[in-house]
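Values in this document were obtained by computation on a predicted structure and should not be read as measured data. All heavy atoms count here, side chains included; hydrogens, waters and symmetry mates do not. Within every chain, numbering begins at 1; the chains are lettered A, B, ... in the order of the sequence lines, protein sequences first and strands thereafter.
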Protein chains: 2
Amino acid sequence: MPLVTSIRTSTRNRGSRRTEILEAAAVLFAARGFHGVSIEDIGSAVGISGPALYRHFSGKDALLAEMLLDVSERLRSAGAQVVTGTGTPDEMLDTLIQGQIAFALSHPALITVHDRELGNVAEPQRRAIRRLQRLYAEEWVTVLSELHPACPAADLRAATHAVFGLLNSTPHSAGEVPHETMAPLLHRMARAAFAAIVSGR
Amino acid sequence: MPLVTSIRTSTRNRGSRRTEILEAAAVLFAARGFHGVSIEDIGSAVGISGPALYRHFSGKDALLAEMLLDVSERLRSAGAQVVTGTGTPDEMLDTLIQGQIAFALSHPALITVHDRELGNVAEPQRRAIRRLQRLYAEEWVTVLSELHPACPAADLRAATHAVFGLLNSTPHSAGEVPHETMAPLLHRMARAAFAAIVSGR
DNA sequence: TGTGGATGTTAGTCATCATTAACTGATTCG
DNA sequence: CGAATCAGTTAATGATGACTAACATCCACA
């Protein structure tokens, strides 16, 4: 019995509820972990209550899976666009870094959930998410390998994950520094970290 | 009815069971999150079953709290020793980085739990853990502020957390590269990242 | 020798939670 | 105007899980 009858006039607001739920769930999952959040919690965060979620998702697991799949896909496709496009490897790396920073700063909860909760996704979709994550990381590694041809790919992979850790730290140290300061700071640190890969003492 | 009667001869192995439990729990918490692990899971991981844990800890919450308190305390005290000792700021920073890397490489599960699960600790002890974490970070900031006197403390704090993210990434990208390669790589990247704090383009 | 404490065990208990059922009001569209 | 579909609601249901109770061993030691 929705007391507030739909304010939205027409077109039925396609999918807005789904994304609204996904966003609220991301914040809750980031704060308390997947198993620490109940269906009722998520529902009441968007003003509906409990089992109404099943009108939009087939279950809690499916909700998490879709969230992670969506994030992984967005990152990977943004990355692919960079690598496909024109530019020197150096410029590509800058663009990749900038994209990751922009995403981490604007969707901190999603980033947090993204690298914490994969273990709670069941096997059919787990593999798909892992694959997208791997593809995304491989794009970074490909660019890096042009800048450091002598460096073993395994090291480049490790360095990439380390820089992901650096860039994704924003959700944890959030609020203290404005984005306009944070973004260039992180960018410089990431560039410098990559430049230090070379094993020259 | 312990079929295997105590192999340990004497002195009752003070507290060995406690630490054994803490270590097993850390691995499980890191993999599936605090709420994703049951008391029964932890018990069977150390060969006892379920409620036997209550002979060692007053509850699941207390177990997590003690785990985080212990890690935070170990890191902070190691950090304090560095800062108190002699040496140039540059050397101190190297020592701090080295200590963090050594800890992250040898206790990946603890590091993971440490920066994920604070939100699941209740308020009396949450504050204590936060305090230790803050003190530890402040030690890094103090050293950094001698190297970058012109830089605002807030930026140094953000940079410190970013480097924590970089160094603590090891658990996620583990196994691919041997420690002997990983440790110096991370060290170089961390040093370079800190050197890039200076806002000079 | 036998008593007490430390450690376990198994069998409840009580809450919480994901999911399903049954039912209701609106909107759209023929 | 209906009838269908969408998007909610509240009330079960069934599992799981934290914690407690009652009971058993073993070891140290007086």
Novice: What nucleotide, of dA7(D), dT9(D), dA18(C), holds the atom closest to the side chain of I48(A)?
Specialist: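 Selected nucleotide: dT9(D).
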
Novice: Let me spell it out: for each of D41(A) and P51(A), pick the nucleotide of DNA chain C with the closest heavy atom. Which residue's pick is nearer the 5' end?
Specialist: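 On the 5' side of the pair lies D41(A).
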
Novice: Can you tell whether the side chains of R116(B) and D115(A) come within less than 4.0 Å, N to carboxylate O?
Specialist: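 No salt bridge links R116(B) with D115(A).
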
Novice: Please check if atom CD in E40(A) has more than 12 non-hydrogen atoms from other residues, nucleotides or ligands closer than 6.0 Å.
Specialist: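 Counting other residues, nucleotides and ligands, CD of E40(A) exceeds 12 neighbours.
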
Novice: For R32(B) and dT16(D), what is the distance between atoms CZ and P respectively, to the nearest whole Å?
Specialist: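 Checked: the CZ to P distance equals 14 Å.
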
Novice: Nearest-nucleotide wise, let me know which of R55(A) and I21(B) is further upstream toward the 5' end of DNA chain C.
Specialist: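 Upstream on the strand: I21(B).
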
Novice: If only side-chain N and O atoms of H35(A) are considered, is one of them under 4.0 Å from the OP1 or OP2 phosphate oxygen of dG17(D)?
Specialist: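 No, H35(A) has no side-chain N/O under 4.0 Å of OP1/OP2 on dG17(D).
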
Novice: Between atom CZ in F34(B) and atom C1' in dG17(D), what is the gap in whole Å?
Specialist: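 Atom-to-atom, F34(B) to dG17(D), this comes out as 12 Å.
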
Novice: Between C1' on dT19(C) and OH on Y54(A), what's the gap in Å once rounded to a whole number?
Specialist: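 Taking atom C1' of dT19(C) as the reference, OH of Y54(A) is at 5 Å.
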
Novice: Looking at Q81(B), I want to see if its CD is surrounded by more than 12 non-hydrogen atoms of other residues, nucleotides or ligands under 6.0 Å.
Specialist: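 Not buried by this count: 12 neighbours or fewer within 6.0 Å.
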
Novice: Rounded to whole angstroms, how far apart are CG on D61(B) and P on dG17(D)?
Specialist: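 In whole Å, dG17(D) P and D61(B) CG are 16 Å from each other.
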
Novice: In whole angstroms, how far is the C1' atom of dT10(C) from the CG atom of L53(B)?
Specialist: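 After rounding, the gap between these two atoms is 15 Å.
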
Novice: At under 4.0 Å between heavy atoms, what does G50(A) touch on the DNA or RNA strands: base, sugar-phosphate, or nothing?
Specialist: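 Answer is nothing: G50(A) stays at 4.0 Å or more from every strand.
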
Novice: Quick one: F57(B) CZ to dT7(C) C1', roughly how many Å, whole number?
Specialist: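 Atom CZ in F57(B) sits about 14 Å away from atom C1' in dT7(C).
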
Novice: Roughly, in whole Å, what's the span from CD in E20(A) to C1' in dA7(D)?
Specialist: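 The answer, rounded to whole Å, is 13 Å.
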
Novice: Which whole-number value in Å describes the distance from I39(A) CD1 to dA15(D) P?
Specialist: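 The answer, rounded to whole Å, is 19 Å.
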
Novice: Would you call R127(A) and E123(A) a salt bridge, using N to O less than 4.0 angstrom?
Specialist: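 A salt bridge is present here (some side-chain N lies under 4.0 Å from a carboxylate O).
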
